[in-house]
J.: 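Have a look at this one.
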Amino acid sequence: MSKYNPSKIEKKWQNFWETNKTFSSKINKNFKKYYVLEMFPYPSGDIHMGHVRNYTLGDLVARYKRARGYNVLHPMGWDSFGLPAENAAISNNVHPKTWTEKNIKNMKTQLKKMGLSYDWSKELSTCDSEYYKHEQKIFIEFYKKGLAYQKETIVNWDPVEQTVLANEQVIDGRGWRSDAIIEKKKMKGWFLKITDFAEELLEDLNSLKNWPEKVKLMQKNWIGKSFGAYVDFNINKINEKVTVFSTRPDTLFGASFIALSPEHKLVDKLKKDYPEINKEINKLNLKNTNEQNIDKIEKIGIKIPLKASHPFLKNKLIPIFIANFVLADYGTGAVFGCPAHDQRDFDFAKKYNLEIIEVVSNEKNHVRKNKLESAYTENGYLVNSDFLNGLTIEKAKEVSIKELEKLNLGSRTINYRLKDWGVSRQRYWGCPIPIIYCDKCGPQTVPEKDLPVKLPDKIDLKKSGNPLLNQSDWINVKCPKCLQSAKRESDTFDTFFESSWYFARFTDPNFNDAINKNNSDYWLPVDQYIGGIEHAVLHLLYSRFFIKAMNKLNLINLNEPFKSLQTQGMVCHQTYKNSRNEWMFPKDVIKINDKFFTIDKKDEVSSGRIEKMSKSKKNVIDPNTIVDTFGSDTARFFILSDSPPQRDMEWTDEGVEGASRFLNKVWQLLINDDYKDIPYKKINYNTDHDFNIFLCTYKTIKNVTQAIDNFHFNIAIANIRTLFNELNFYKSLTNNNKIILKFCISNFLIILNPICPHICEEAWEMLGNKKSISDAPWPKVDLKYLNDNYITLPIQINGKRRAEIKISKSLSTKEVKNLALNHQNIIKFLTETPKKVIYIPHKIINIVL
RNA sequence: GCGAGCGUGGCGGAAUAGGUAGACGCACUGGACUUAAAAUCCAGUGACCAUAUUGGUCGUGGGGGUUCAAGUCCCCCCGCUCGUACCA
């Protein structure tokens, strides 16, 4: 009796798939296509459990769809530009390229050991100039069509990574990767006009029926559309005006101050005329260098010696402040304050003793009784507002805007929170921006014949500042226009640039243009995209924008890249600390009688919270160890079995062992009997047991199919286990029928195959099949068994289950009711005549007393 | 603050469209095998009561409601998690 030996059979079948090119994909218009994609990894060195979960989910879908008869594209590649390569270069003295390539090689080996059904012939790596040269062309196209431009703005500067970050990459005032406090800095950089697509990006969220609502909501909030008005306030003494954005133009009569952000352009001018402002303004800028309590910062302002005139009240002059709570890059960077109806303005007015004029009240004929305790922000009617009096807020907004337009002092507008995407990064290990600066001719795009602009191999990363800037032999070039000395752009692209279109490149990764439309038209959109929720706004919004922009430039025929999206939860593990309060690796901890000890048993270990696996807390399990010990089928089975994909899961030793035990039992089910000579065919049942095993097989096929279609893989596994238990039971019977057994086991293997492909291939072969199980079609349900004539019907009395009867479905309502009322367990409850008897055919019967 | 999601045994989690709550697994308990242990196999396992049964009561965060029937629908409250935040 041979033992289940995963390492042997897994290697065997991985080689088989590779030599037979089982998963290579070709366009075939006779079949419906299905494009499954998991977010490609950054090649950091080794795969981790998050990868294992992500790629197992994708592989299950890919193999399942293949069995369902789809022509499947399932590619994999490498998001290989990025800062860790530079950091590694500095600390280990290896070139980023060498480091990256080594990691790719290593991770590819690890992925192959998992037996994932990738079409490796489609592999791509974004740091390859064969990939990024197309990116440079796309950028030039964008530039020519006005979708890429250069400007000087205040940017988010990450002092640790020494680079600029996009708004999306700043989280709680910190760098999304470095966690460093972000500083504000004025710099010149390249931007992509994502704001041109704000409305489309928002509107088309509605078409993404198979995206999680949560992700769509996050994008919606990020885009942040709001309706309102621009209002001009003329300033006395000088010939200037301040334009503010307001969503509440109805409250204009309650305006009691104007507040400018410290970065407002009028402030620059004021600094010259009133030097004393300079000193004060530094107090406001505290915000940018302040530690954590950014959100708790006190609202402060500087009153300037100018006043603004009210657009509706010619004689009314309103004080102007420079205030730290006004955002420079939202709206116009200036607001009018209406303290009675906005809490921030209310607090500010209290502090600086400004007027508080109520202009909205919940009663039409408002008489002020008490002083306001806080801002009134509810619905109501306009008061103290001249021609707006008595109107609802909605109506007053309309009328107010009309009046502003009539006076030429404002207009209706729509404002978005979304800003243009800053793509310049002051890094080496990224795609060079194909621009040459000439003193005479200005910025010039690199001519197509000179593309790609390759990164120089020689680089000194140890000097501070932008590494490419210091690389004189690379940076100095001739201007393509006048041929005089010029300099290359030394910034490289944000690495989200690469991931914004890689999924389209996968459809023909070696094509001589960016996109082979013949292929992309067939394969795109991605039918199922799977990855982490952390990319809800970053990568997923950029990609949607990129495709819309490329579509507009006729580079691709596509409006939305990802038809269906699934976001997976995190892989968590218990944390451990030793008596010195140091984190412990789980592999160095043993459990004895509910207590934990170090592996040498000398020190007691305390167990902490179950948290996301992270290197810093050491609660990591190395997938390679798991695959080597238990096999990849076990790892795949366990990672899918316990929790629904969207939710966080806990990795436990017991869980893995349970999965391993199951696969061993599957092996035992087959190994002791030789099925090779038993014919594979469907025959009719003779005994109740025969019937039951057929019924269970078909029920399972039905349930598993439904569960996989709904992405409920843990339920699929529960059903598969139930069938397995029944198969084991049937096999143990003395009067079992080997032909029926072989038939049911075969079906069992086909539905298990997307989860545990190696053991299923091996078992399939043991059953005597000549062709691979990967080519076996998904089984069909025989409805004859599911629509069986006999069912068990529960009988309730007043909604409580009291008995059950086995009945034929063909019985009439009257007959069923009679049977129920005369059931021995029921009779004793019938102390009175039932008021009602409700029979829901084939489901339940309820007797109401 | 705002927004979203969740709350079911000791644990992870099931429960089409309102119709037998706790599938499947983990852990645990008992038994078989063994000199013993591990592994494996068999059985049990929501709580409580009980005449120990093929009996009963309670039970899906708490309170109320709709219904013949509520984990599921409606209202109020509590707790947890995630996202987001001076957005004018």
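Bear in mind the structure is a predicted one, so any value in this text is a computation, not a measurement. By convention in this document, chain letters (A, B, ...) are assigned in the order of the sequence lines, proteins followed by strands, and residues within each chain are numbered from 1.
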J.: Sequence neighbours left out, what passes side-chain hydrogen bond (donor to acceptor under 3.5 Å, both in side chains) with A:E611? Give chain and number order.
T.: A:K617
J.: Going by ring-ring contact (aromatic ring centres under 6.0 Å, His included), name the pairs with one or both residues in residues 820-849 of chain A, residues two or more places apart or in two chains.
T.: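 For residues 820-849 of chain A, and leaving out neighbouring residues, there are no ring-ring contact (aromatic ring centres under 6.0 Å, His included) pairs at all.
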J.: Which is true for A:D345 with a 4.0 Å heavy-atom rule: it touches a base, it touches only sugar-phosphate, or it touches nothing?
T.: nothing
J.: Should B:G55 form a Watson-Crick or G-U wobble pair with both distances under 3.5 Å, which nucleotide is its partner?
T.: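 The base-pairing partner of B:G55, which may sit in any strand shown, is B:C49.
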J.: Do the two ring centres, one from A:F630 and one from A:F638, sit under 6.0 Å apart?
T.: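 They do not qualify: ring centres at least 6.0 Å apart.
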J.: Mark yes or no for a side-chain to base donor-acceptor pair under 3.5 Å between A:R417 and B:C87, with no hydrogen or angle criteria applied.
T.: yes
J.: Does a side-chain N-to-carboxylate-O contact under 4.0 Å join A:K397 and A:D250?
T.: no
J.: Any chance you could list the contact pattern along nucleotides 38-57 of chain B? Use B for base contacts, S for sugar-phosphate-only contacts and - for none, protein heavy atoms under 4.0 Å, 5' to 3'.
T.: --SS-------------SSS
J.: Taking protein heavy atoms under 4.0 Å as touching, what does nucleotides 64-72 of chain B look like 5' to 3' if B marks base contact, S marks sugar-phosphate-only contact and - marks none?
T.: ----BS---
J.: Return whichever of A:F245 or A:W222 has its heavy-atom-nearest nucleotide of RNA chain B closer to the 5' end.
T.: A:W222
J.: Nearest 0.5 Å please: distance from the OG1 atom of A:T567 over to the NZ atom of A:K214.
T.: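 Here the rounded value is 7.5 Å.
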J.: Could you run down nucleotides 2-16 of chain B 5' to 3' and tag each one B, S or - for protein heavy-atom contact under 4.0 Å?
T.: -S--------SSSSB
J.: How about A:F257 and A:F336: are their ring centroids closer than 6.0 Å?
T.: no
J.: Checking base pairs now: Watson-Crick or wobble, both atom distances under 3.5 Å. What partners B:G9?
T.: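 Result: none.
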J.: Under a 3.5 Å cut-off for both contacts, is B:C73 paired Watson-Crick or G-U wobble with anything, and if yes, with which nucleotide?
T.: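 Base-paired to B:G65.
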J.: Answer yes or no: are there more than 12 heavy-atom neighbours, outside A:K731 itself, under 6.0 Å from its atom NZ?
T.: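 Atom NZ in A:K731 is crowded, with more than 12 foreign heavy atoms closer than 6.0 Å.
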J.: Which base sits across from B:G1 as a Watson-Crick or G-U pair, both distances under 3.5 Å?
T.: B:U84
J.: Ring centroid separation for A:F346 and A:H341, is it under 6.0 angstrom?
T.: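 They do not qualify: ring centres at least 6.0 Å apart.
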J.: Going by side-chain contact (heavy atoms from CB on, under 4.5 Å), name the residues that satisfy it together with A:V335, two or more places apart in sequence or in a different chain.
T.: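 side-chain contact (heavy atoms from CB on, under 4.5 Å) list for A:V335, sorted by chain: A:A259, A:V326.
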